[in-house]
Structure formats: structure tokens, C-alpha cells
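Since the model is a prediction, treat every value here as computed from it, not as a measurement.
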Amino acid sequence: MLNIKRTIARLLSASVTLMTLTATSFPASAGQTYLNASFESGFDGFAARANESVERVSANAYDGSYSLLVSNRTEAWNGAVASLGTDFSAGQSYSFACAVYQDSGSAVDMQLSLQYEGASGTSYVQVAAGSVASGEWTILSNTDYTIPSDASGMMLYVETATDLCNFYVDSISGGEAGSSAIVTTPPAPKFRMGDVNHDDKIDHSDMNQLLSYLLTQDGGSSIYLDTADMNNDGTLTAADLSMVRQLFIYPELTRTTTTTTTTTTTTTTTTKVTSAQRVPGQWTNVADIQWIKDGGYKKVVALSFDDGPFAANTQDGQSAQKIHNALKKEGFHATFFYWGQHIASNTNEIAQAEANGFEVANHSWSHPHMGSYSAAQVQQEYSQCKQALDRIVGEDREYLVRLPYLESSATILQALAVPMPNCGLDSQDWAGASTQAMVSAIQNKANMGQLDGCVVLMHENYAATAAAVEQLCPWLKQQGYAVVTVSEMFKFHNKEAKPHKVYNTVFD
């Protein structure tokens with residue numbers, strides 16, 4: 001069973017209510033504290049003062065799991081604001097405090113301020129202020145602040161004195177004067193997103209333990225949901241594993257799941273390590289090719305495999321696993337076109353492919369001859385397989401399609417709003433080609449200078465194919481080739497893979 005060892009407040013709130021400058025005031029609290037904004041389950045009444053963004057984020061918090069990130073600021077007074085409730089009265093003294101953080105690279109003067117309506121109109125006064133060092137949480141507090149005697153319509157907000165840097169704010173509180181409005185001792189160290197096992201580092205053990213859990217729902221792994229749930233959807237899927245893997249490869253990149261609110265809109269977004277963001281219902285190439293550039297590769301080829309997935313305890317599944325291992329050994333990627341009807345009983349392979357950085361793709365639901373199909377029938381074949389893949393990868397995606405039997409028609413091209421990688425080189429494994437025949441065909445094409453940018457058609461369930469891949473991966477690396485996914489190949493060559501089109505190479 002999953003060992004959830006930390007309280008995950010974000011699972012308590014499935015949605016966020018839009019807040020504006022006239023947001024509901026803070027409710028009264030028992031005892032000395034009247035205002036307590038921790039942002040663990042919502043915005044606690046805070047919102048943007050103007051057109052800046054105010055987001056709940058789990059990337060950085062003073063206490064608990066969430067804070068507010070204020071960004072896209074165009075004025076120093078842009079910040080998080082909330083109306084004070086009826087427990088705060090004009091002419092009375094109170095204690096106010098908040099924790100603030102900024103990472104601009106230098107110290108920034110920040111302040112907790114009060115806006116109110118008085119005898120002379122709208123006024124702005126400083127409640128607490130201080131110099132905030134870069135990269136450190138700092139407490140701004142005033143344990144004996146007296147609200148002006150003519151004040152009404154009081155609003156508390158956090159701002160900078162002059163800088164326009166982004167900043168985080170957390171643990172905003174207010175209560176009776178003289179009381180300790182905020183815990184001023186630093187909180188216990190937080191674990192980073194991706195540190196699945198809470199050992200203060202992100203390494204192979206995080207990926208292996210999360211993969212073990214996904215495959216077995218136990219696996220003896222110690223999994224912490226707060227740092228393993230990378231996309232913040234309350235469940236652990238292959239999508240989370242893929243994001244942990246990318247963070248391990250590129251530690252300088254971050255994972256932040258945010259809920260954004262402004263004075264006019266509320267949206268929920270998930271930031272992933274990709275060079276573009278997926279748009280539901282629309283094909284987008286989100287391939288990350290930094291690993292290809294870092295490896296110094298000048299040529300790329302897309303080995304692609306049809307007809308999976310297969311159960312690991314079968315001969316076909318063993319061939320598929322050998323292909324996975326051969327690619328992983330050289331740090332390579334490939335595209336796997338999955339047959340929808342095979343998916344339900346063999347989901348583990350797809351989860352592994354996603355985790356390995358391979359490209360999960362669509363090979364139709366029932367693998368029919370679609371040459372005479374109507375547009376509706378074609379779309380049904382695609383969408384049924386898509387939905388099965390979505391459940392495994394944990395998000396709504398559009399997938400590349402390999403057409404069964406490579407059969408195309410004007411109707412098919414019009415019906416499928418995704419690119420359709422075809423066959424620049426057919427390995428002929430489906431026709432019984434030997435390992436050596438496949439190796440020779442690919443080596444010959446490379447020697448003729450025709451392999452770069454080529455889509456190679458293979459199948460994952462043949463022992464001869466697995467043996468060929470085991471030979472080819474190190475040979476291709478020696479020749480300066482990276483074996484990549486179809487999407488990575490297009491991105492590497494700065495080419496657009498367009499929907500409604502069949503491709504044999506990136507140059508088609």
C-alpha cells in the first residue's frame with residue numbers, strides 16, 4: 001500500500017474559487033488570532049491587486065506545502081491583497097506578520113501595507129517592513145500596529161518598495177497586539193518535488209521506487225505522495241514517473257503545479273519540463289531535445305515499433321523488454337505505436353516506456369484495414385486507443401499515429417488531426433527478415449547518407465528485431481547517430497510535424 005507519510009492539503013481541495021479585491025473577508029478565529037492565511041487549501045481571501053498573477057504553488061513554502069507566488073508585476077504596489085474582517089477595528093492595535101521570499105539575486109525592500117478609506121480619501125500606510133535577502137524566507141512583523149482611527153474598508157497587502165521582482169508570500173497572520181502572530185523560527189526542511197523517497201536527493205532510486213509502485217501497487221517502496229505527485233492530480237501515474245525522470249536528467253529544471261487567479265480569471269496549469277505545452281484536443285510537439293544537443297549528436301534516426309504492448313511473461317514481451325533495455329543502455333529513445341486492444345492487460349510496458357522517455361503513440365484500436373472506412377470510423381479507431389493511453393499516461397494527449405498496414409486515404413488524412421509517421425525504411429521483420437538482414441539494411445542506408453531524419457518501421461515482438469536493436473544501438477552511436485523519438489527527430493531538425501500528413505522522413 002502507498003505509504004503517505006505527510007498530510008497533503010492539496011488533496012482536500014479539488015477547485016479554487018475566484019477571488020477579487022472585494023473577496024470574502026477572513027473569518028474570525030478563536031483566541032488571539034483573527035487572520036490566518038496558510039494557503040494550504042485555497043487562497044484564503046487573497047488575490048491580485050491589479051493585473052499581476054497570484055498563484056498557489058507547491059514549489060516553495062515557508063510552512064506547509066503551499067505559498068502564493070506573485071509574478072508579472074509592473075508596479076511596486078502589485079501584490080497579494082485581502083479585505084480585513086470585522087474583527088479588526090479602527091483605532092485598535094493588532095499584531096501582523098507574514099513570511100516573504102524572493103530570489104532576484106540581491107536584497108529587496110518589502111513591506112506589509114494597509115489600504116483604507118479615511119477622512120481624506122483612500123490612504124496607504126506601512127504596517128511592517130524589512131530588507132529581504134535573496135533566496136531566504138524573511139519575516140515581516142509588527143506586534144503593536146494601531147489602525148488609523150478613521151479607517152474603513154481596510155485591505156491588507158504585500159508589496160515591494162521599488163523592485164518589480166517576483167516574490168512568494170506565506171503564513172500571513174493577524175491578531176491581538178503583543179501576540180506572536182507568526183512562528184519566527186525557520187520550518188523544518190522541505191523535500192523537493194521529485195524526491196519520491198524523501199532522502200534529500202533526486203536519483204535513480206526515486207525513479208525505481210515509483211516505477212515499482214506503479215507496476216505492483218506496492219513493491220516494498222516508500223513513496224511520499226507530496227513529492228511524487230508531480231502533476232498534482234491526487235494520483236500516481238506514468239506521467240508523474242516521466243516528470244521525475246526528466247528532473248533527474250535535468251536537475252536545473254523545476255516542477256511547479258500552480259493554480260492561478262487574477263481579478264478576472266481563474267485557471268489551473270501544470271508546468272512540465274518540455275519545450276512547449278500540450279493543449280487538449282490539439283497536436284503539439286513537446287519533445288525535449290536537450291539531451292541530444294548535450295550528447296553532441298549531429299545525426300538522428302527514429303526507430304519505431306508497432307503492435308505492442310505485450311505481457312512481460314510472454315516471448316513477445318521478452319523481445320519488447322530487450323528492445324527497451326538496448327535503447328536505455330545507450331541513453332536512446334524510440335517511438336512505440338500501441339495497438340489499443342492489447343493495452344488493457346499489458347499496461348506495465350506503456351508505463352515503462354513513458355518513464356524511459358520513449359514516445360507513446362497510437363496504432364489504432366483494432367488494427368483494421370481502414371482504406372474504405374468513413375471519417376467517423378477512422379476517428380473512432382483513433383479515439384478509442386487514445387482514451388486507453390490517456391488512462392495510463394495520466395493526461396489528455398493527442399498522439400502520433402502509425403496507420404495499420406500503412407494504408408492511407410484522403411478520408412483518413414482528413415479525419416486524423418495528428419501527424420502520421422509512416423516508413424522511410426521498412427525493416428521487413430514482419431516478413432521474417434533475419435537479424436543480420438535488418439542490421440545490414442540500416443547500416444547500408446547510413447553509409448549512403450540517407451538515414452538521418454528517417455523513420456524506421458519495426459515491430460517490438462520479434463526476437464530477431466530485438467537482437468538487431470541490440471547490435472544497432474552501439475553501432476549507430478559510434479557513427480554519430482542518436483536514436484530518437486519521431487517527435488524529437490522533427491524538433492532536432494527544426495521541422496514541423498503537421499497534422500493530417502503522412503511522413504517517411506522529416507524532409508517530406
message: Under a 3.5 Å distance rule, please check whether Asp240 uses its side chain to pair with a backbone N or O of Thr237 as donor and acceptor.
response: yes

ring-ring contact (aromatic ring centres under 6.0 Å, His included) partners of His493, counting only residues at least two apart: Phe507

query: Are the side chain of Glu40 and the backbone of Tyr66 linked by a donor-acceptor contact shorter than 3.5 Å?
result: yes

message: Can you give me the closest heavy-atom contact between Ser319 and Ala466, atom names plus distance?
response: O-CB, 3.6 Å

- prompt: Taking the side chain from Gln102 and the backbone from Ser106, do they hold a donor-acceptor pair closer than 3.5 Å?
  reply: yes

query: Aromatic rings Trp137 and Tyr62: how do their planes relate, parallel, tilted or perpendicular, breaks at 30° and 60°?
result: perpendicular

message: Keeping Lys501 on the side-chain end and Asp508 on the backbone end, is there a donor-acceptor pair under 3.5 Å?
response: yes

statement: His363 meets the ring-ring contact (aromatic ring centres under 6.0 Å, His included) criterion, sequence neighbours left out, with His367

- request: Could you tell me whether the side chain of Asp206 and the main chain of Asn197 form a donor-acceptor pair under 3.5 Å?
  value: yes

- prompt: Is there a donor-acceptor pair closer than 3.5 Å between any side-chain N or O of Ser171 and the backbone N or O of Ala99?
  reply: no

field: Partner residues of Phe358 under the ring-ring contact (aromatic ring centres under 6.0 Å, His included) criterion, sequence neighbours left out
entry: His324, Phe336

message: In the structure I gave you, are the side-chain heavy atoms of Gln443 and Leu472 within less than 4.5 Å of one another anywhere?
response: yes

- request: Go through Tyr503 and Phe490 one step at a time and tell me if the ring-ring contact (aromatic ring centres under 6.0 Å, His included) criterion holds.
  value: CA-CA 11 Å; Tyr503 290 93; Phe490 273 85; 4.9 Å; yes

query: Are any side-chain N or O atoms of Glu381 and backbone N or O atoms of Ser366, one a donor and one an acceptor, separated by less than 3.5 Å?
result: yes

- request: Might you confirm whether atom NZ of Lys299 has over 12 heavy atoms from other residues, nucleotides or ligands at distances under 6.0 Å?
  value: yes

task: Taking all non-hydrogen atoms of both residues into account, name the closest pair between Val401 and Phe337 and its distance.
output: C-CE2, 3.6 Å

field: More than 12 heavy atoms of other groups within 6.0 Å of Asn447 CG
entry: yes

task: Measure from the side-chain N and O atoms of His333 to the backbone N and O of Glu359, and report whether any donor-acceptor pair falls under 3.5 Å.
output: no

- prompt: Tell me, do Asp452 and Val300 make a side-chain contact under 4.5 Å, heavy atoms counted?
  reply: yes

task: May I ask you to decide if Asp63's main-chain N or O and Asp170's side chain share a donor-acceptor pair within less than 3.5 Å?
output: yes

field: Arg397 with Glu354: basic N within carboxylate O range, under 4.0 Å
entry: yes

Let me check something: any side-chain donor-acceptor pairs from residues 411-433 under 3.5 Å, sequence neighbours excluded? List them with distances.
unit_1, atom_1, unit_2, atom_2, d
Asn422, ND2, Asn504, OD1, 3.2
Asp426, OD1, Gln428, N, 2.9
Asp426, OD1, Trp430, NE1, 3.1
Asp426, OD2, Gln428, NE2, 3.0
Asp426, OD2, Trp430, NE1, 3.1
Ser427, OG, Asp429, N, 3.3
Ser427, OG, Asp429, OD1, 3.2
Ser427, OG, Leu457, O, 2.9
Asp429, OD1, His459, ND1, 2.9
Asp429, OD2, His459, N, 2.7
Asp429, OD2, Thr465, OG1, 2.9

query: Only one of Leu451, Thr335, Val483 forms a side-chain contact (heavy atoms from CB on, under 4.5 Å) with Val456, so which one is it?
result: Leu451

query: Atom OG in Ser65, atom CG in Asn60: separation rounded to 0.5 Å?
result: 12.0 Å

field: Close side-chain approach of Leu68 to Phe46, heavy-atom, < 4.5 Å
entry: yes

message: Can you confirm whether Lys445 is buried at NZ, in the sense that more than 12 heavy atoms of other residues, nucleotides or ligands lie under 6.0 Å from that atom?
response: yes

message: What I'd like to find out is whether the side chain of Val469 reaches to under 4.5 Å of the side chain of Met458, using heavy atoms alone.
response: yes

field: Pairwise side-chain contact, Gln321 with Gln352, heavy-atom cut-off 4.5 Å (strictly under)
entry: yes

- prompt: Is there a side-chain contact between Gln377 and Gln380 (heavy atoms, below 4.5 Å)?
  reply: no

- request: Answer yes or no for Arg56 and Phe39: cation-pi contact, defined as NZ/CZ to six-membered ring centre under 6.0 Å and angle to ring axis within 45°.
  value: no

field: Ile343 side chain near Cys385 side chain, heavy-atom distance below 4.5 Å
entry: yes

query: What residue pairs, at least two apart or across chains, pass salt bridge (Lys or Arg N to Asp or Glu O under 4.0 Å) with a residue in residues 402-422?
result: Asp306-Arg402

task: For Tyr373, enumerate each residue passing the ring-ring contact (aromatic ring centres under 6.0 Å, His included) test, keeping only those at least two apart in sequence or located in another chain.
output: none

message: Main chain of Val506, side chain of Lys495: is a donor-acceptor contact present, judged purely on distance under 3.5 Å?
response: no

